[in-house]
Amino acid sequence: MSDRITPRTLKGFRDYPPEKMIPREQLVEIARRVYRSFGFRPMDTPALEHLEILTGKGSDETDKQLYRFEDHGGRSVGLRFDLTVPLARFVAQHIQDLGTPFKRYQIANVWRGENTQRGRYREFMQCDFDTIGTTSTTADIETVLVINALLEAIGFEQFTIRVNNRQVLTGLLEKLDLVDQSTAVLRALDKLPKIGAEKVAAELTSTAGATPQQADAVLQLSELTGSNAEILAQLEPLVADNETGKRGLDQLTELTEAVAAAQVPAERLKLDLSIARGLDYYTGMVVETFLDELPGIGSVCSGGRYDNLAELYSKQRHPGVGASLGLDRLLAALEELDRLADIQTSAQVFLPLFIAKRRNDYLHLATQLRAAGLDVELYPEAKKLGKQLQYADRRGFQVAVIIGEDEFAANEAQLKNLTTGESQTVALDDEALALIAEIRPLLGS
RNA sequence: GUGGCUGUAGUUCAGCUGGUUAGAAUGUCGGAUUGUGAUUCCGAAGGUCGGGGGUUCGAGUCCCCUCAGCCACCCCA
């Protein structure tokens, strides 16, 4: 019997026991609700795609991380490593039927064979929302509003949405004749908060081939500080003689005004010209979101505008804008801030199986309560009442409905508030209406 | 992918320079208490010391490989 297989999971892949899954499902539920409230519609794509769909982009980095293999029919296939590439394929294939603007959300797992760290796994969930087929700045603005609504709905009040516009940087690079090196410049700039201006300047000269003067010129953008209005004012002379840069400035101005008009507290939106985002397909607005209480955890919601989503798969141009909620980071943050309620049950109402012979009566009552919209768990064994209540207590049930022979005889139920320990006696009519009415107020919060 | 740290009951950890049947706390289960849940008391189960190989009279302890976790680089959610 020693040749039994050791139970284990692959590196970077995780099991989700109920105590992890319950807050996870709650977050996903919140995200869905917020996305829908802005009119985004659900969609999904297969986990597995033809390899050339995924490798099309050709970046070495994604190529290294891609899970790839041959399927049973000898096809080369790969697991999706993000939701953007499958969206591009989907749009190229179906946009005629969908019409534009196409607003979608997609919450699904993706896989990357990279090295693991806390909060970084090989299988993880992305919660993306995008608006495809419009270049309107209104869609950019709405993206910021969705991020704000998302974090509010999760229960955060202190967070900062940092916004930049790629065209500002692109304009500057045009002036400096560095456009060809934009990817290297972006990656260097992205490290600014981590390694500091000096090292970024060094990387700009070594990797991006900039002269020290050019590096300084690029870095001066990120040194602009002050209120949003002050930053915009300082930016104006820097982009004055470049069309691209001016467009970026105009869009940023429009965005700050619109977001304020939409009642987002002013301190939450911060123009930050050092926000770069390493991905080179962004062409307009870029956005990252930080929790003020835990800035070190990184951006919990990031995205931006891209000019041509499906260029690899279609002759048509499909501009779009969107962002992705970092579910795992957010869960890690909530855990660290001790904001995860210790709920280990799906139901709130606990029904002990007190008298074994009365099982069918309990089942009947549970059915009545469920019909009234209450979630009820009936204990499956007629163990001692103390044990059953202990089970309910440990799992975070809010109320227990206790009915023994005395109560059955008197047509009563004992309604116990498991949080306070108090009990009350409630008459048990044929439809349990009085009981239902008494349970409801106990399930607040 | 590169480099560093770590790995002992479900969980958090003890285990001195290698030395007989690997401990504690907590949790789990049972009982004291066959009608009331975080208290108390009693009892039980639970470990091939991550896995494999080697050195040794003897390895949880030393060496090698491997797997997993964490950290940095890289990249990013």
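To find a chain, count down the sequence lines: A is the first, B the second, and so on, and within it residues start at 1. Just so you know, these numbers use all the heavy atoms, side chains as well, and skip hydrogens, waters and symmetry mates.
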Hey, does A:K11 have a side-chain heavy atom less than 4.5 Å from the side chain of A:R122? yes
Between B:U12 and B:C70, how far apart are the P atoms? Round to whole Å, please. 13 Å
Side chain to side chain donor-acceptor pair (under 3.5 Å) against A:H50, all qualifying residues, sequence neighbours excluded: none
Scanning both residues in full, the closest heavy-atom pair of A:L428 with A:A413 reads CD1-CB, 4.2 Å
With P as the reference atom in both, quote the distance from B:G35 to B:U26 in angstrom, rounded to an integer. 29 Å
Residue whose closest nucleotide on RNA chain B lies nearer the 5' end, A:M125 versus A:K384: A:K384
Using a 4.0 Å cut-off on protein heavy atoms (strictly under), produce a 5'-to-3' string for nucleotides 36-43 of chain B with B for base contact, S for backbone-only sugar-phosphate contact, and - for none. BBS-----
Under-3.5 Å N/O pairs linking protein and nucleotides 4-9 of chain B:
none

Whole-Å distance between B:C75 C1' and A:R187 CZ? 8 Å
Taking the C1' atom in each of B:U55 and B:C62, what is the distance between them to the nearest angstrom? 8 Å
For residues 145-157 of chain A, tabulate all N or O donor-acceptor pairs below 3.5 Å that involve a side-chain atom, not counting sequence neighbours.
residue: A:N148; atom: OD1; partner: A:R268; partner atom: NH1; Å: 2.9
residue: A:E152; atom: OE2; partner: A:R268; partner atom: NH1; Å: 2.7

Any pair with a residue in residues 31-40 of chain A that passes side chain to side chain donor-acceptor pair (under 3.5 Å), sequence neighbours left out, goes on the list, sorted by first then second residue, please. A:E29-A:R32, A:R36-A:Y105
Suppose you measure atom P in B:C65 against the same atom in B:U61; what distance do you get, rounded to whole Å? 16 Å
Atom-pair distance (CD on A:Q65; P on B:A77), nearest Å: 11 Å
Any N or O donor-acceptor pair under 3.5 Å from the base of B:A77 to the side chain of A:E114? yes
Pick the C1' atom in B:U48 and in B:G31, then give their distance to the nearest Å. 32 Å
Rounded to the nearest angstrom, tell me the gap between atom CG in A:L186 and atom C1' in B:C76. 14 Å
By side chain to side chain contact (heavy atoms under 4.5 Å, CB included), A:Q390 pairs with (sequence neighbours left out) A:K387, A:R394
Looking for any heavy atom pair under 4.0 Å, which part of the strands does A:E405 touch: base, sugar-phosphate only, or nothing? base
Qualifying salt bridge (Lys or Arg N to Asp or Glu O under 4.0 Å) pairs, either residue in residues 422-437 of chain A, two or more places apart: none
Rounding to a whole Å, what distance do you find between A:Q126:CD and B:C75:C1'? 14 Å
What one should report as the nearest heavy-atom pair of A:L219 and A:A201 is CD1-CB, 3.6 Å
If I take atom OH in residue A:Y379 and atom C1' in nucleotide B:G35, what distance separates them, rounded to the nearest angstrom? 16 Å
Could you tell me how far apart A:F290 (CZ) and B:C76 (P) are, to the nearest whole angstrom? 14 Å
Measure the shortest side-chain to side-chain distance between A:Q251 and A:M285 over non-hydrogen atoms and say whether it is less than 4.5 angstrom. no
Presence of A:K191 side-chain N/O under 4.0 Å of B:C75 phosphate oxygens OP1/OP2: yes
Suppose you measure atom P in B:U56 against the same atom in B:U11; what distance do you get, rounded to whole Å? 36 Å
Apply side chain to side chain donor-acceptor pair (under 3.5 Å) to A:E49 and list each qualifying residue two or more places apart in sequence or on a separate chain. A:R89
Extract all donor-acceptor atom pairs below 3.5 Å that involve side chains of residues 38-48 of chain A and protein atoms in other chains or at least two apart in sequence.
residue: A:D44; atom: OD1; partner: A:Q106; partner atom: NE2; Å: 3.0
residue: A:T45; atom: OG1; partner: A:R80; partner atom: NH1; Å: 3.3
residue: A:T45; atom: OG1; partner: A:Q106; partner atom: NE2; Å: 3.2

For the residue pair A:V85 and A:L312, establish whether any side-chain heavy-atom pair is separated by less than 4.5 Å. no
Using atom P in both nucleotides, what's the gap between B:G19 and B:G3 to the nearest angstrom? 33 Å
Have A:D128 and A:S324 got a donor and an acceptor in their side chains that come within less than 3.5 Å? yes
Run the salt bridge (charged side-chain N to carboxylate O under 4.0 Å, His left out) test against A:E412 and tell me which residues pass, sequence neighbours left out. none
Are A:Y16 and A:E25 linked by a side-chain donor-acceptor pair shorter than 3.5 Å? no
Which helical stems does RNA chain B take part in, if a stem means at least 3 consecutive Watson-Crick or G-U pairs with both distances below 3.5 Å? B:1-7 with B:67-73, B:10-13 with B:23-26, B:28-32 with B:40-44, B:50-54 with B:62-66
Between C1' of B:G35 and OH of A:Y362, the distance in whole Å: 10 Å
Which protein N or O atoms sit under 3.5 Å from an N or O of nucleotides 64-71 of chain B?
residue: B:A68; atom: OP1; partner: A:K11; partner atom: N; Å: 3.1
residue: B:G69; atom: OP1; partner: A:G12; partner atom: N; Å: 2.9
residue: B:C71; atom: OP1; partner: A:R118; partner atom: NE; Å: 3.3
residue: B:C71; atom: OP2; partner: A:R118; partner atom: N; Å: 2.5

Can you check the distance between B:A14 and B:U6, where both ends of the measurement are the P atom (answer in whole Å)? 13 Å
Can you measure A:R329 atom CZ to B:C75 atom C1' for me and round it to whole angstrom units? 11 Å
